[in-house]
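Following: one structure in structure tokens, then a few remarks.
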Protein chains: 2
Amino acid sequence: MTAFRPAATRCLDCGLHKLCFPPSFDEHALNRISQLVAQPSAFAKNETVYRLGDSMTALYAVRSGALKTSVLLPSGEEQITGFYLPGEVIGLDNMGQSHCASTATALEKTTLCELPVNGISQLSQQLPELQGHLFQIMSTELRQDYQRMHLMAQASAEVRVVSFLLGLSARQQQRHLATNELRLSMGRADLANHLGLALETVSRALSQLADDGLIEVSGKSIRIIHAEQLAERVAADCHSS
Amino acid sequence: MTAFRPAATRCLDCGLHKLCFPPSFDEHALNRISQLVAQPSAFAKNETVYRLGDSMTALYAVRSGALKTSVLLPSGEEQITGFYLPGEVIGLDNMGQSHCASTATALEKTTLCELPVNGISQLSQQLPELQGHLFQIMSTELRQDYQRMHLMAQASAEVRVVSFLLGLSARQQQRHLATNELRLSMGRADLANHLGLALETVSRALSQLADDGLIEVSGKSIRIIHAEQLAERVAADCHSS
DNA sequence: CGTCGGGTTGAACCCGTTCAAAGGGAGTGG
DNA sequence: CCACTCCCTTTGAACGGGTTCAACCCGACG
């Protein structure tokens with residue numbers, strides 16, 4: 001079996017391994033991990049990877065495409081907790097749980113590397129660096145959540161939208177993509193949900209920013225014209241409050 | 001040294017060990033952990049346990065008292081990320097980092113058990129249950145943050161305050177304390193900051209709830225009169241939106 | 001008794017929501 | 001190739017809840 005595994009499934013050969021795992025991971029560590037990773041699987045748009053209540057079996061590293069994670073609230077409404085791009089890992093919020101507490105849905109055609117949680121747990125007993133990495137990405141998510149929480153609690157609609165755009169831009173930079181050309185894989189409704197705003201408010205904020213000449217908006221494609229001025233608006237809002 | 005360690009520092013003898021660690025932890029595991037735990041240290045009101053930028057050396061389990069954790073935003077303002085009570089563990093958002101990204105401040109006279117992060121990391125290589133526990137409490141914090149984020153994003157002031165009170169009540173129940181007698185260790189300003197509201201709004205919400213006969217407010221002491229009706233208001237708000 | 005800090009109450013303003021309608025682009029069928 | 005439709009997005013106008021600014025209250029402490 002393993003002899004026939006396509007080269008593409010070996011993390012070492014994957015251009016994203018420095019994102020999924022620390023750059024410091026050596027060949028040995030990557031090979032050990034590769035042995036756990038199943039053949040990347042493809043998901044169509046709107047297909048769910050896992051769903052609330054499913055038994056928790058794996059983490060998933062995004063290989064291509066994009067997806068959203070959401071929690072279903074008691075009331076039945078959906079709260080989108082995050083959008084994930086290639087090189088990012090989903091399922092951390094279910095670590096240590098027997099069942100999934102969230103749902104992951106592909107926003108477009110997406111391929112994922114499956115990291116079985118049993119294997120990951122065991123391997124991280126042997127590779128301190130892997131355990132440290134898991135702690136690190138989980139704590140990073142925690143810290144990012146704090147910032148997002150402050151955003152939701154305090155920031156104006158414009159600042160929320162700008163923060164999101166700049167965050168996306170920064171993540172593209174990590175993947176060595178252009179920082180000023182964004183393609184939003186999610187619709188306005190999902191974006192609004194994630195930012196805690198009404199759909200119309202997001203649209204208005206984008207239009208306003210476009211009117212001010214800071215960005216160009218064309219459907220799901222957004223071009224950042226003046227990144228510095230965008231950053232200033234975020235800072236200005238923080239300073240004023 | 002260890003021969004003279006007071007019995008009180010042995011986790012096995014501490015009434016809170018089922019909160020700090022899973023109830024399933026056996027005597028062996030608790031003893032291994034106890035060897036790591038330094039003498040509980042005391043902090044006065046407003047004293048900081050660790051501060052943004054400090055080197056990250058330990059997690060801390062609350063033994064008595066209460067404290068808040070906060071992040072300092074670029075603008076210089078403080079966002080309070082959580083309040084912690086006996087049996088709860090702080091510092092998880094710094095796991096895997098070399099330096100603290102948050103600040104922990106005692107809200108009253110507080111004693112903490114220090115869990116050196118090096119020791120914890122190494123021990124969790126040997127005790128899969130400990131590693132699993134760490135993953136679990138981190139993922140639990142993640143999931144709680146998602147709920148809080150939704151609260152901040154969508155919920156009315158009243159719902160935010162009620163959710164906080166009910167959450168506090170639930171945590172008291174875990175510690176086998178009365179669920180209807182709350183003592184808020186933080187001031188209105190901290191509470192408002194944490195809930196993403198203006199100080200005045202929190203005060204108004206509490207007054208309103210008191211007028212409606214659902215709670216009794218006397219400074220920092222709050223008595224819950226009709227827990228069910230409080231829960232209904234939260235559910236009602238969710239349903240309406 | 002006076003002062004001080006935290007908490008409460010009051011009134012006006014502002015931003016985001018809500019409801020409503022129009023605009024636009026992709027896909028389908030003629 | 002165009003016309004039609006559907007869905008997503010944009011734009012408009014009025015409403016409402018939370019913030020803000022301001023005054024007041026109250027218990028603690030000197």
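What you are looking at is a predicted structure, and each value in this text was computed from that prediction instead of being measured. Each chain gets a letter, A, B and so on, in the order its sequence line appears, and its residues count up from 1.
- Nearest heavy-atom pair across P86(B) and L19(B) is O-CD1, 4.1 Å.
- The aromatic rings of H194(B) and F164(B) sit perpendicular to each other, their planes meeting at more than 60°, with 30° as the lower class boundary.
- Atom NZ in K18(B) sits 12.5 Å away from atom SG in C11(B) (nearest 0.5 Å).
- Using a 3.5 Å distance cut-off with no hydrogens or angles, the side chains of S70(A) and T103(A) do not pair a donor with an acceptor.
- With sequence neighbours left out, the salt bridge (Lys or Arg N to Asp or Glu O under 4.0 Å) criterion links E200(B) to no other residue.
- Within residues 160-168 of chain B, no residue has any heavy atom under 4.0 Å from DNA chain C.
- Within a 6.0 Å radius of CD in Q208(A), more than 12 heavy atoms belonging to other residues, nucleotides or ligands are found.
- The CE atom of M152(A) sits 17 Å away from the C1' atom of dG18(D) (whole-angstrom rounding).
- Checked for salt-bridge contact, E78(B) and K68(B) meet the test: a charged N lies under 4.0 Å from a carboxylate O.
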Exercise for review: Spell out protein contact along nucleotides 4-10 of chain C as letters: B when the base is contacted, S when just the sugar-phosphate is, - when no protein heavy atom is under 4.0 Å; keep the 5' to 3' order.
Suggested key: ---SBBB
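- When the P atom of dG18(D) is taken as reference, atom CD of E158(B) falls 9 Å away, rounded to whole Å.
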**Study point:** Nucleotide-resolved protein contact map, nucleotides 25-30 of chain D, B/S/- at heavy-atom distance under 4.0 Å
**Key:** ------
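- Evaluation of the salt bridge (charged side-chain N to carboxylate O under 4.0 Å, His left out) test over residues 38-48 of chain A, restricted to residues two or more places apart or in two chains, returns none.
- Listed by first and then second residue, the salt bridge (charged side-chain N to carboxylate O under 4.0 Å, His left out) pairs that reach into residues 156-182 of chain A are E88(A)-R171(A), E158(A)-R233(A), E181(A)-R223(A), sequence neighbours excluded.
- Put simply, CD on Q97(A) and OG1 on T140(B) are 5.0 Å apart, with the number rounded to the nearest 0.5 Å.
- Atoms CG (N193(A)) and P (dC8(D)) sit 15 Å apart, rounded to a whole Å.
- Here the P atom of nucleotide dG18(D) and the CG atom of L151(B) are 12 Å apart, to the nearest Å.
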